[in-house]
Amino acid sequence: MSSCKDHIVLMISMFIMFSMVKGQPQVPCYFIFGDSIVDNGNNNNLITTAKANYFPYGIDFPNGPQNGRFTNGRNKADFIAELIGFNSSIPPHATASGNEILRGVNYGSGVAGIRDETGIRWGDRISMNRQLLNHQVTILRINSILRNITATRSLLNKCLYTVDMGNNDYLNNYLDPTFYPSSRLYTPDRFATILVQQFEGQLRRLHRYGARKVAVSNIGLLGCLPEETRTYGRNASGCVDFINNYVQLFNQKLKVSIDNLNTNLPNARFIISNQTSISTGGPPIGFTVFDSPCCIISNTTAKGQCSNNGQTPCSNRNQYVFFDNFHPTEAANRAIATRSNTALLPTDSYPTDIRGLVQT
């Protein structure tokens, strides 16, 4: 845990960033790829149990529970959009239309992964490969609006892209041997190698489609999620150590991959937002509950999600890190986004943070 001084510095930086964002956005558009951490409604109409368009999700969101975010209010992507100067959320791919796609699209989908089979246990989801296909369609739509391929390419080169993928390739694939064979086919090290290789191929595709400023989140401490500690029990660390060790293998290989992309792709600017550092380097003052969910967990809907029987969640939501057994509260999302945008510690981002990325 960090010192009180670190807490104060973070709170001041959060106040400055959220009170001074005004005027034109720092980039013309923002495209979001990922899983339920950033999903803002793309799963609502899919045949899946991995959706969040019901109470108590969205209890603190202006449009209420129908928005489809896996939290009580805004998610990480909403806050990043605000921090880089957008005055409203980026629309989900499911409903984005007309000229609004010129400012970006959110492709995020709950239980989606790098691997196509990831999350299939729960029903439909939009994998990273499918999100890239959706982005191709968006590019064609942008070009039909601008009527100039050079202008389209120039626009895409200037946008910010964030990618939050990989969590479910462990939670809803490798760590679920009843439904997926991956843990029987691959050692943890081999699985991490294959997963990063697949991910790098997808990031290369994104670069081919015009992306130049790409912030990739690595995988956080999945072994500290309430669902995992409930399932496996806690080690002396307070978390499930073997899961965090698996994830660390992926993160180590991802850093090498990001270096390769920056070295070998023209004008590429890929960065890593280090979720482990951000979550362990000292949370802002105000959080008091770190290992329990705010809502009542369901025994019937998707694993680890809030019950959909109308039960009211905790009232002190700003003091909780987790809203359900997997997903951060709005307050935690704000803290994560703030440190992803402006690193508090040198280990929070590599080789720079989002603020440094958008200024290049």
Side-chain angles (χ1 to χ4, degrees), residues 18 20-35 37-46 51 53 58 61-64 66-69 73-110 112 126-164 202-203 205-215 267 269 333 337 341 354-355 357-360:
F18 278 94
M20 294 185 66
V21 169
K22 59 183 179 180
Q24 292 297 312
Q26 298 168 46
V27 290
C29 38
Y30 174 26
F31 291 101
I32 301 152
F33 298 80
D35 54 28
I37 293 296
V38 296
D39 187 348
N40 64 345
N42 288 309
N43 274 25
N44 285 358
N45 295 320
L46 299 183
K51 57 179 66 180
N53 57 343
F61 195 80
N63 296 333
Q66 298 304 314
N67 75 86
R69 289 163 172 81
R74 288 169 288 178
N75 64 27
K76 181 170 76 168
D78 294 320
F79 284 118
I80 290 175
E82 182 177 339
L83 285 163
I84 61 176
F86 289 93
N87 58 16
S88 60
S89 298
I90 302 301
H93 177 261
T95 61
S97 61
N99 286 355
E100 71 176 348
I101 66 173
L102 295 175
R103 58 193 292 272
V105 175
N106 185 330
Y107 303 103
S109 173
I126 308 168
S127 67
M128 183 62 181
N129 283 326
R130 287 176 61 191
Q131 291 182 34
L132 287 167
L133 289 174
N134 288 339
H135 187 53
Q136 279 188 292
V137 174
T138 297
I139 293 171
L140 292 174
R141 292 168 63 190
I142 290 174
N143 194 53
S144 70
I145 294 171
L146 299 182
R147 298 182 180 277
N148 185 310
I149 188 64
T150 302
T152 298
R153 174 64 61 156
S154 177
L155 176 70
L156 295 170
N157 287 171
K158 297 173 183 174
C159 302
L160 172 66
Y161 301 75
T162 58
V163 185
D164 287 79
Q202 293 164 343
L203 295 176
R205 283 174 60 191
L206 191 57
H207 181 271
R208 287 202 305 272
Y209 300 160
R212 295 296 180 268
K213 301 178 180 182
V214 185
N267 302 312
R269 289 279 288 165
N333 281 324
N341 185 69
I354 291 176
R355 184 178 64 169
L357 178 66
V358 298
Q359 291 174 353
T360 58

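Contact detail for S127 and A112: the closest heavy-atom pair is CA-CB, 4.1 Å. Of all heavy-atom pairs spanning I84 and I354, the tightest one is CG2-CG2, 4.3 Å. Counting all heavy atoms, side chain and backbone alike, G104 lies closest to C29 at N-CB, 3.8 Å. Nearest heavy-atom pair, N53 versus Q66, reported as atom, atom and distance to 0.1 Å: O-NE2, 3.5 Å. Between N40 and P92, the closest heavy-atom pair is OD1-CB, 3.1 Å. Between I90 and V105, the closest heavy-atom pair is CG2-N, 3.4 Å.
Remark: the backbone N or O of V38 is paired with a side-chain donor or acceptor of N106 at under 3.5 angstrom.
At a threshold of 4.5 Å between non-hydrogen side-chain atoms, the residues M128 and V163 count as touching. By the 4.5 Å heavy-atom criterion applied to side chains, Q26 and L357 are not counted as neighbours. Taking 4.5 Å as the limit, every side-chain heavy atom of L83 sits out of range of all side-chain heavy atoms of R355. Inter-residue side-chain proximity for R103 and S88 is flagged as met; some heavy-atom pair is nearer than 4.5 Å. Contact of the L46 side chain with the I126 side chain is registered, since non-hydrogen atoms from C-beta on lie closer than 4.5 Å. Counting heavy atoms from C-beta outward, I80 and N341 have side chains that stay 4.5 Å or more apart. Contact of the R69 side chain with the S89 side chain is registered, since non-hydrogen atoms from C-beta on lie closer than 4.5 Å.
For the side-chain hydrogen bond (donor to acceptor under 3.5 Å, both in side chains) test, no residue two or more places apart in sequence or in another chain qualifies with N42. Scanning for side-chain hydrogen bond (donor to acceptor under 3.5 Å, both in side chains) contacts around N43 gives S109, with sequence neighbours left out. Not a single salt bridge (Lys or Arg N to Asp or Glu O under 4.0 Å) links K51 to another residue, sequence neighbours left out. In terms of the ring pair (Phe, Tyr, Trp, His ring centres under 6.0 Å) criterion, residue partners of Y107 (sequence neighbours excluded) are, by chain and number, F33, H93, H135.
Here CZ of F61 is found 4.5 Å from CG of N67. Values are rounded to the nearest 0.5 Å. Note: Q24 CD to N87 CG = 9.0 Å, rounded to the nearest 0.5 Å. Between atom CD of residue Q131 and atom CG of residue L206 there is a gap of 10.5 Å, rounded to the nearest 0.5 Å. One finds the NE2 atom of H207 at 6.5 Å from the CG atom of N267 (value rounded to the nearest 0.5 Å). Note that CG of D164 and CD1 of I37 are 7.0 Å apart. Values are rounded to the nearest 0.5 Å. Summarising the geometry, atom CZ belonging to R130 is positioned 12.0 Å from atom CG belonging to L132; distances are rounded to the nearest 0.5 Å.
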- Verify side chain to side chain contact (heavy atoms under 4.5 Å, CB included) between R205 and N129, making sure each step is shown before the conclusion. CA-CA 10 Å; R205 283 174 60 191; N129 283 326; 3.1 Å; yes

Indicate every side-chain donor-acceptor pair of residues 154-161 with a distance under 3.5 Å to a residue at least two apart or in another chain.
{"residue": "N157", "atom": "ND2", "partner": "R153", "partner atom": "O", "Å": "3.3"}
{"residue": "N157", "atom": "ND2", "partner": "G210", "partner atom": "O", "Å": "2.8"}
{"residue": "Y161", "atom": "OH", "partner": "L156", "partner atom": "O", "Å": "2.9"}

Could you tabulate the donor-acceptor pairs under 3.5 Å formed by side-chain atoms of residues 143-152, not counting sequence neighbours?
{"residue": "N143", "atom": "OD1", "partner": "I149", "partner atom": "N", "Å": "3.3"}
{"residue": "N143", "atom": "OD1", "partner": "T152", "partner atom": "OG1", "Å": "2.9"}
{"residue": "S144", "atom": "OG", "partner": "R141", "partner atom": "O", "Å": "2.6"}
{"residue": "N148", "atom": "OD1", "partner": "T150", "partner atom": "N", "Å": "2.8"}
{"residue": "N148", "atom": "OD1", "partner": "A151", "partner atom": "N", "Å": "2.9"}
{"residue": "T152", "atom": "OG1", "partner": "N148", "partner atom": "O", "Å": "3.1"}

